[in-house]
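Here's the structure we're looking at; comments come further down.
In the text below, chain A, chain B and the rest are named by the order of the sequence lines, each starting its count at 1.
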Number of protein chains: 2
Amino acid sequence: MNVTNNPPGLEHTDCQKVSQVLARVGEKWSVLIIMFLAEKPRRFTEIKRAVNGISQRMLTLCLRGLERDGLVKRTVFPVVPPHVEYELTALGRSLTQPVIALGTWARDHIPDIDAARADFDAREGVQAAQAPGQR
Amino acid sequence: MNVTNNPPGLEHTDCQKVSQVLARVGEKWSVLIIMFLAEKPRRFTEIKRAVNGISQRMLTLCLRGLERDGLVKRTVFPVVPPHVEYELTALGRSLTQPVIALGTWARDHIPDIDAARADFDAREGVQAAQAPGQR
DNA sequence: CAGTATCCAGCAAGATACTG
DNA sequence: CAGTATCTTGCTGGATACTG
């Protein structure tokens, strides 16, 4: 990647690594799970219930990914009815800061974005309708 | 979504909208393009060259999406060799702030993440190798 | 309860070719 | 130059069923 701009912050060095983190944040469920675990440690089924709409498969995959990246810690209690708890690591907790910042930005600008979309879509529609005798 | 945690910041209200924004940020190319345009307005081919590896199709799609969300403004100069410029809107520029924050976090924690992954993968490998007479 | 395994649909995305 | 159109592929992600 050559997104070479000089402002102190993001150089092209480590660019793919940063992209990977961004991708994880962009994943549909990751942030939801992180935010849910931010409150307190939870069990598998608790998360599944909380994050409505996620499938077991996706939850497992997501948790695996988060665990692999060291954002979530998985603890197995070897008892008769299996008991597994997931909790944020220090790293995971530190991630909630910038994520909340982004989430807050998103929330604050939803009206702008919605307006822009409505505008854009309106123009799209007009374009389609305004080629009268052409074709 | 019922990711109901109370800390002032992210409620489940507008949750999907926020997710959409997050998804856009998570898109492989969006952030790269935004960061590139942060410097100054650019033409289509300039962006294509800068963001190495993107196809025309993906660039067009990405720019369309960013334009639709009001993050990027597209200006066509009706001259003989077509000339189109893309630039960040005020909204787009305001997004660079939290994105850079996230990018910075990512950069700062790359070592931690890499270490965690190495750890995890090592344990995975061991697991596979340590079931000797079992199978 | 907490997964794993399997199957399958849909879309993301690359390559390529054509156009105003 | 700045796209659009078309084809194809591979991954994402959902549903379902089975297991320790």
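- Remark: C1' of dA15(C) and NZ of K48(B) are 11 Å apart, rounded to the nearest angstrom.
- Distance, H83(B) NE2 to dG20(C) C1': 17 Å, rounded to whole Å.
- When the P atom of dA2(D) is taken as reference, atom CD1 of I33(B) falls 14 Å away, rounded to whole Å.
- Computed from coordinates, the K28(B) NZ to dT12(D) C1' distance equals 15 Å when rounded to whole Å.
- With salt bridges taken as basic N to acidic carboxylate O contacts below 4.0 Å, none links E46(B) and R49(B).
- You'll find that the side chain of F44(B) is closest to dG3(D), out of dG14(C), dC1(D), dG3(D).
- Heavy-atom distances under 4.0 Å link DNA chain C to R57(A), T60(A), R64(A) of residues 57-67 of chain A, given in residue order.
- Regarding E85(B), its CD atom lies at a distance of 12 Å from the P atom of dG3(D), rounded to whole Å.
- Remark: D121(B) engages R68(A) in a salt bridge, criterion side-chain N to carboxylate O under 4.0 Å.
- Checked for salt-bridge contact, R64(A) and E67(A) meet the test: a charged N lies under 4.0 Å from a carboxylate O.
- Applying the Watson-Crick and G-U wobble criteria (two distances, each under 3.5 Å), dT4(C) pairs with dA17(D).
- The phosphate of dG13(D) has neither OP1 nor OP2 within less than 4.0 Å of any side-chain N or O from S55(A).
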All N/O donor-acceptor pairs, side-chain side in residues 81-89 of chain A, below 3.5 Å, sequence neighbours left out:
{"unit_1": "H83(A)", "atom_1": "ND1", "unit_2": "R43(A)", "atom_2": "NH1", "d": "3.4"}
{"unit_1": "Y86(A)", "atom_1": "OH", "unit_2": "R74(A)", "atom_2": "NE", "d": "3.3"}
{"unit_1": "T89(A)", "atom_1": "OG1", "unit_2": "G70(A)", "atom_2": "O", "d": "2.6"}
{"unit_1": "T89(A)", "atom_1": "OG1", "unit_2": "L71(A)", "atom_2": "O", "d": "3.2"}
{"unit_1": "T89(A)", "atom_1": "OG1", "unit_2": "L91(A)", "atom_2": "N", "d": "3.3"}
{"unit_1": "T89(A)", "atom_1": "OG1", "unit_2": "G92(A)", "atom_2": "N", "d": "3.1"}

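- Rounded to whole Å, the distance from CZ on R42(A) to P on dC1(C) is 15 Å.
- Nearest-nucleotide mapping onto DNA chain D: of P82(A) and E27(A), the residue sitting toward the 5' end is E27(A).
- The pair D114(B)-K17(A) meets the salt-bridge criterion, since a charged nitrogen lies less than 4.0 angstrom from a carboxylate oxygen.
- Across all strands shown, dC11(C) forms a Watson-Crick or G-U wobble pair with dG10(D), both key distances being under 3.5 Å.
- Checking side-chain atoms of S30(B) against main-chain N and O of R24(B) turns up a donor-acceptor pair under 3.5 Å.
- F77(B) and L63(B) are members of different hydrophobic clusters when ILVMFWY side chains are connected at heavy-atom separations under 4.5 Å.
- Rounded to whole Å, the distance from CD on Q56(A) to C1' on dA17(D) is 10 Å.
- In this model, the phosphate group of dC1(D) is not approached by any side-chain N or O of Y86(B) to a distance below 4.0 Å at OP1 or OP2.
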